[in-house]
Number of protein chains: 2
Amino acid sequence: MRYTIGKISQKTGLTTHTLRYYEKEGLLPFVQKNSAGIRVFSENDLGWLSMIECLKATGMPLKGIKQYIDWYQEGDTTLSKRLNMFQNQKIYLKQQIKELQKHLEKIDYKINLYQEAVKQGSLEKAENNKELQKEKHRLFNMKKIQK
Amino acid sequence: MRYTIGKISQKTGLTTHTLRYYEKEGLLPFVQKNSAGIRVFSENDLGWLSMIECLKATGMPLKGIKQYIDWYQEGDTTLSKRLNMFQNQKIYLKQQIKELQKHLEKIDYKINLYQEAVKQGSLEKAENNKELQKEKHRLFNMKKIQK
DNA sequence: ACTTGACTTAGAGTCAACTCTAAAAATTAT
DNA sequence: ATAATTTTTAGAGTTGACTCTAAGTCAAGT
């Protein structure tokens, strides 16, 4: 199946502007153009966009994604570079998830605190709750600064 | 304990420039200044910076963080707004974590694929592996575009 | 007292990633 | 056939979050 840029925009949620921008940045080197100069996207291009989304969402800048695509185009001589890139991205991603889970605990604490505060009509009163104090200490206990 | 901007910079990893920028943006309304105009940070300010980091890391723009701080300063009349904000942030964060875990699966697939490709010296050969094909289908199986 | 380093301000500059504009050509709908 | 919509390009503009500069003040060490 072949798709116009508008269809791909609907499908991916990226604007047509963004898709052209990605192409200009070298992220979509496989997209064909017909005789009138109009882009014709294939299933394969959708696959690339899915991979781009994955790398972008996991914190890789567009330049890094372009590097990967450049390596892909160089062929099998860059296989280990690409493997290495994915392995690093995995390490980074696992770290990210771990951090977000810690942040989730902090936000849960705040929700508990504010639920109590709404109930009592006062943040100060809620902060006097022993259970919440213990939780706060556990979560926000920052190491002291040394001279 | 009282700290200068430099100490806080060391402690938080934010540059002094960034700390002043945050203050200018209204994110640190509690930071005091001494008679010479020099910022004096307290433990309480570190607590605020920790919360700012949490909200920033979970995708809230600085404007949203400022809104929260403005509400805080308005006092107990905004308790439910703040509770609501944290509840929304939690929903958003859980969604984020779920998405990152999906991305992790995709990256794991790519690692398996490239490990096989490196072993075989060819990406094409690796792509012919039945197990990997099944996995690819499971992970990248995109819905068709409808007319 | 002098030097070195940290602090102050207002404001300019940078960077990544879009986002939009304008004018023209192609495609689709009536 | 005509109108409306979509696509094309090059290039300019925007946004968010810093990041840096310059010119000056303050503080600590010798």
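Treat the numbers as computed from the prediction; the structure is a model and nothing was measured. Every chain is numbered from 1 and lettered A, B, ... according to where its sequence line falls, protein lines coming before strand lines.
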*Should we count CD of A/Q133 as having more than 12 external heavy atoms under 6.0 Å?*
yes
Whole-Å distance separating the [atom1] atom of [X] from the [atom2] atom of [N]:
X	N	atom1	atom2	result
B/L28	C/dT8	CG	P	12 Å
A/L27	C/dC18	CG	C1'	13 Å
B/L19	C/dC7	CG	P	10 Å
A/I38	C/dA26	CD1	P	8 Å
A/H17	D/dT15	NE2	P	15 Å
B/Q32	C/dT8	CD	P	14 Å
A/I52	C/dA16	CD1	P	17 Å
A/N34	C/dT28	CG	C1'	15 Å

*asked:* Does either side chain, that of A/Q87 or that of B/Y114, offer a donor lying less than 3.5 Å from an acceptor on the other one?
replied: no
*asked:* Less than 3.5 Å apart, any donor N or O on the side chain of A/E53 or A/T12 sitting next to an acceptor on the other?
replied: no
_Is the shortest side-chain heavy-atom distance between A/L62 and A/Y22 below 4.5 Å?_
yes
*Measure across A/M60 and A/Q89 and return the closest heavy-atom pair with its distance rounded to 0.1 Å.*
CE-OE1, 3.4 Å
Determine: side-chain N/O of [X] to OP1/OP2 of [N], distance under 4.0 Å, yes or no.
X	N	result
A/K33	C/dA26	no
B/T4	C/dC7	yes
A/R39	D/dT8	yes

*Base, sugar-phosphate alone, or nothing: which one does A/R20 contact when heavy atoms must sit under 4.0 Å apart?*
base
Which atom pairs, donor and acceptor, lie under 3.5 Å between side-chain atoms of residues 100-111 of chain A and protein residues at least two apart or in another chain?
unit_1	atom_1	unit_2	atom_2	d
A/E105	OE1	A/R138	NH2	2.8
A/K106	NZ	B/S50	OG	3.4
A/D108	OD1	B/K90	NZ	2.7

*Could you say whether A/G6 or B/A36 is positioned toward the 5' end of DNA chain D, judged by the nucleotide with the nearest heavy atom to each?*
A/G6
Restricting both atoms to N or O, compile the protein contacts to nucleotides 16-18 of chain D shorter than 3.5 Å, with distance only.
unit_1	atom_1	unit_2	atom_2	d
D/dA17	OP1	B/L62	N	3.4
D/dA17	OP2	B/L62	N	3.2
D/dC18	OP2	B/Y22	OH	2.6

*Examine A/W48 together with A/Y72 and report whether their ring centres are nearer than 6.0 Å.*
yes
